[in-house]
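In what follows, a single structure is set out as C-alpha cells and then discussed.
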Amino acid sequence: MDKKNVVISFLGTVLDAAQSRGDGRWRKWRPNIAMNQRDDLTIHRMELFIQEKFLGLANQVKADIQQVSPDTEVNFVPLELANPWDFSEVYTVLHDWVSNYHFDLDKENYLTHITTGTHVAQICLFLLVESRQIPSVLLQTSPPKNQNKSMVTGDVGSIEIIDLDLARYDVLAQRLAAVRDNALLYLKSGIATKNQRFNKMIAEIEQVALNSPSPILLSGATGAGKSMLARRIYELKKARHLISGHFVDVNCAVLRGDGAASALFGHKKGAFTGAADKRDGWLKTADKGVLFLDEIGELGLDEQAMLLKAIEEKRFYPVGSDSEMSSSFQLIAGTNRDLRHEVRAGRFREDLFARINVWHYELPSLAERREDIEPNMAHQLALASQELGRATRFNREAQTAYLDFALSEQALWRGNFRDLAASIMRLATLATEGRIDLGLVQAEIERLKYLWQDDDLLEQNAFRLPEKLDLDKLDEFDKMQLANVISVCRQHKNLASAGRALFNVSRLAKDHPNDSDRLRKYLAKFGLSWQDVMG
C-alpha cells in the first residue's frame with residue numbers, strides 16, 4: 001500500500017490571503033492552496049498551524065483547498081504566539097507540538113512546508129527537520145512568473161523537495177568532504193602527511209576546533225609543532241567566523257615574578273614600582289580570539305589560580321585593581337612536560353589541569369613520524385626558497401642521500417622540526433646556483449652527526465664511572481650519588497672548582513672552607529683520586 005503524503009505548514013497570513021473577493025482570488029498565487037492544485041503532488045492531509053485571530057482566513061483557505069482537492073484533509077493546529085518573531089518562543093511551541101505528535105512512518109510520508117510563516121518560523125522548522133525531530137523532507141513552493149495570467153491557465157508555480165539526508169546528494173557530499181579535507185590539510189600546513197597516528201589526531205582536532213570552545217592542551221617535545229598547530233587552529237576558526245579576535249602567543253617560560261601576573265592579567269596605574277601607566281594584559285588582548293599559553297607548566301601557582309578563575313568565569317582582576325575585567329577567549333595550552341607528574345609534585349594545580357585537559361593531544365616527534373620527513377623536506381625547502389628569494393632544488397642523487405640519512409636511526413632529530421628546518425635552510429643558503437648537490441648534503445650530514453653525537457658523548461662521559469670501581473660492592477644509593485658527583489667534577493678543571501660547586505651551601509657556614517680536601521676525602525672512600533675521575 002502506498003504511503004499517504006502529509007504536509008506540515010503555517011497559514012500564510014499574507015501570502016494565503018486573497019486581495020479580492022469572489023473568483024478574483026484565484027488569480028493570486030496562494031502557497032497552501034497552490035500546492036493542492038498540482039497534478040504531480042497528491043496531498044492526503046495538511047497539518048496547518050494557525051492563530052485564533054486568523055481563524056476566518058484559515059476557514060477560507062481550508063474551503064478553497066477542499067474545492068481544488070476534495071480528498072485532502074485539513075487539520076487546524078492552534079499555535080498561539082505572543083511574538084512570532086521571538087525565536088525562543090516559536091521554537092519552544094513547535095518543539096512541544098512535535099514531541100506530542102504521532103509520526104506514523106510506516107504509513108505516511110511527511111513534507112514540511114517552509115514558504116509561509118515568519119523567517120523565524122521557517123528557521124525553526126528547518127532546525128526541527130535537520131535534527132530529525134520532524135522526520136520529513138522540506139517542501140519549498142514558488143509562484144509562477146506572471147500570476148495574473150499563469151494562475152488562470154493552470155500554471156500554479158513550482159515546488160522543490162529537499163531531503164536533508166546529505167548522503168543522497170553525491171555532489172554535495174563530495175563538496176563537503178572536499179571542504180573537510182581542505183581544513184585538515186590547512187591544519188597540517190598544507191603538508192600531505194602519511195603518519196596514521198598524526199593524521200587521526202589532526203582529524204579529531206579539526207572537529208574539536210569547529211565545534212568546541214573548550215580549552216585544548218597540546219603536549220610534546222620542543223620543536224614538535226605545538227605553536228604552529230595552535231595558530232592554524234585559530235586561523236581555521238576565524239575563517240569559519242567562529243571567532244573575531246586576535247591570536248595571542250605567550251611563552252610562559254619567560255614570565256617571572258610580579259611581571260608574570262601583570263603580563264597576563266594587566267595592571268592599573270601605580271600598582272607597583274614602574275607601573276607608570278595602565279596596562280591591558282594578554283588575556284584582554286585575546287578577547288573573542290585565541291590565547292596560546294606555551295609552556296604553561298612554567299607558570300607560578302599564584303598565576304595558575306588566577307588563570308583558572310579567568311577560564312571558568314571569563315572575568316579576572318588586573319594587578320592592583322578592585323574592578324574586574326572581562327575577556328571571552330579560547331585557551332590553547334602547550335607543554336613539553338607531563339603535567340600529571342607536575343600535579344603529583346605539587347608544581348601544577350590539579351584543578352587547573354582538569355580544566356585545561358578537556359581536549360589533550362600529544363604531538364609525536366619527528367623521529368616518530370619518519371614517513372613524514374620527505375613531504376616536510378619539500379615544505380621546508382619551499383619556505384627557504386621564498387625567504388632567500390630564489391628557487392632551490394635537490395638534484396636526484398643529493399635528495400636520495402639526504403633522505404636515506406634522515407630516515408635512518410643515525411638521524412636523532414632531537415630538535416624535531418626545528419632541526420629539519422635549520423638543516424634545509426643551511427643547504428638552500430649554500431646552494432648558490434639553486435641546486436643542492438651531493439657534496440653539500442654529505443657536509444650537512446656530518447654537521448648533523450656532530451651535533452647529535454656530541455650530545456651523546458657528553459652524556460656518556462658525564463655518567464661513566466671509573467673502571468677500577470667494583471660496582472658489585474656498592475649500594476645503589478652510592479652508585480647514584482657517586483655518578484652525580486663525578487658528573488659535576490668532569491665539568492670543572494680542578495678539585496677546588498668542583499668542590500665549590502658541590503659544597504655550595506655548607507661551605508658558607510665555615511670560616512675557612514677547604515673544598516678540595518672535602519672532595520678528595522669523599523672520592524677516597526671509594527678508592528678514587530682526581531686523576532681516576534678525570535681519566
Close side-chain approach of [X] to [Y], heavy-atom, < 4.5 Å:
X	Y	result
H113	F10	no
M201	E362	no
L105	P135	yes
I43	M35	yes
Y402	I373	no
E204	K200	no
N32	M46	yes
T112	V137	no

Taking atom types as modelled, is there a side-chain donor on [X] or [Y] under 3.5 Å from an acceptor on the other?
X	Y	answer
T92	E89	no
K194	N199	no
Y317	S323	no
E47	Y101	yes
E73	H44	no
T193	D372	no
W359	S212	yes
Q140	T115	yes
N376	Q380	no
S219	T335	no

Counting distance only, does the side-chain N/O of [X] pair as donor-acceptor with the main-chain N or O of [Y] below 3.5 Å?
X	Y	result
T118	W85	no
W29	P144	no
E80	E52	yes
T400	R396	yes
W282	L293	no
S69	I65	no
K226	G220	yes
T141	P31	no
K288	S328	no

Decide yes or no on salt bridge (Lys or Arg N to Asp or Glu O under 4.0 Å) for R25 and D64, but give the supporting numbers first. CA-CA 10 Å; R25 70 182 185 277; D64 287 346; 2.8 Å; yes

How long is the gap from [atom1] on [X] to [atom2] on [Y], to the nearest 0.5 Å?
X	Y	atom1	atom2	result
I356	Q304	CD1	CD	8.5 Å
Y91	D86	OH	CG	14.5 Å
I296	L331	CD1	CG	5.5 Å
K314	L283	NZ	CG	9.5 Å
E303	L301	CD	CG	8.5 Å
I332	S214	CD1	OG	12.0 Å

Using the benzene-type ring in the case of Trp, are the ring centres of F103 and Y110 under 6.0 Å apart? yes

Would you check if the distance from the ring center of W97 to the ring center of F49 is below 6.0 Å?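 Yes, the ring of W97 comes within the 6.0 Å limit of the ring of F49, centre to centre.
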
Name all residues meeting the ring-ring contact (aromatic ring centres under 6.0 Å, His included) criterion together with F198; count only those two or more places apart in sequence or in a different chain, and write none if there are none. none

Give me the atom names and distance for the closest heavy-atom approach of P364 to R369.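 Shortest heavy-atom separation between P364 and R369 comes out as CG-CD, 3.5 Å.
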
In terms of heavy-atom contacts, S326 and F316 come closest through C-CE2, 4.4 Å

Other residues, nucleotides, ligands: >12 heavy atoms within 6.0 Å of E350 CD: no

Using a strict threshold of under 4.0 Å (side-chain N to carboxylate O), is an ion pair present between D106 and K3?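 Here K3 does not pair with D106 in a salt bridge, since their nearest N and O are not under 4.0 Å apart.
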
Are any of the side-chain nitrogens in K309 or E324 under 4.0 Å away from the carboxylate oxygens of its partner?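 Salt bridge present between K309 and E324.
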
Side chain to side chain contact (heavy atoms under 4.5 Å, CB included) between Y361 and L217, worked out: CA-CA 6 Å; Y361 299 99; L217 176 61; over 6 Å; no

Working note: S227 + D294, criterion side-chain hydrogen bond (donor to acceptor under 3.5 Å, both in side chains); need CA distance, chi angles, decisive distance, verdict. CA-CA 7 Å; S227 181; D294 198 10; 5.4 Å; no

Salt bridge (charged side-chain N to carboxylate O under 4.0 Å, His left out) pairs, two or more places apart, involving residues 328-338: E298-R337, R337-E342, D338-R340

Within 45° of the axis and under 6.0 Å from the centre of the six-membered ring of W26, does NZ or CZ of R30 qualify? yes

Would you give me the side-chain donor-acceptor pairs under 3.5 Å for residues 241-248, sequence neighbours excluded?
none

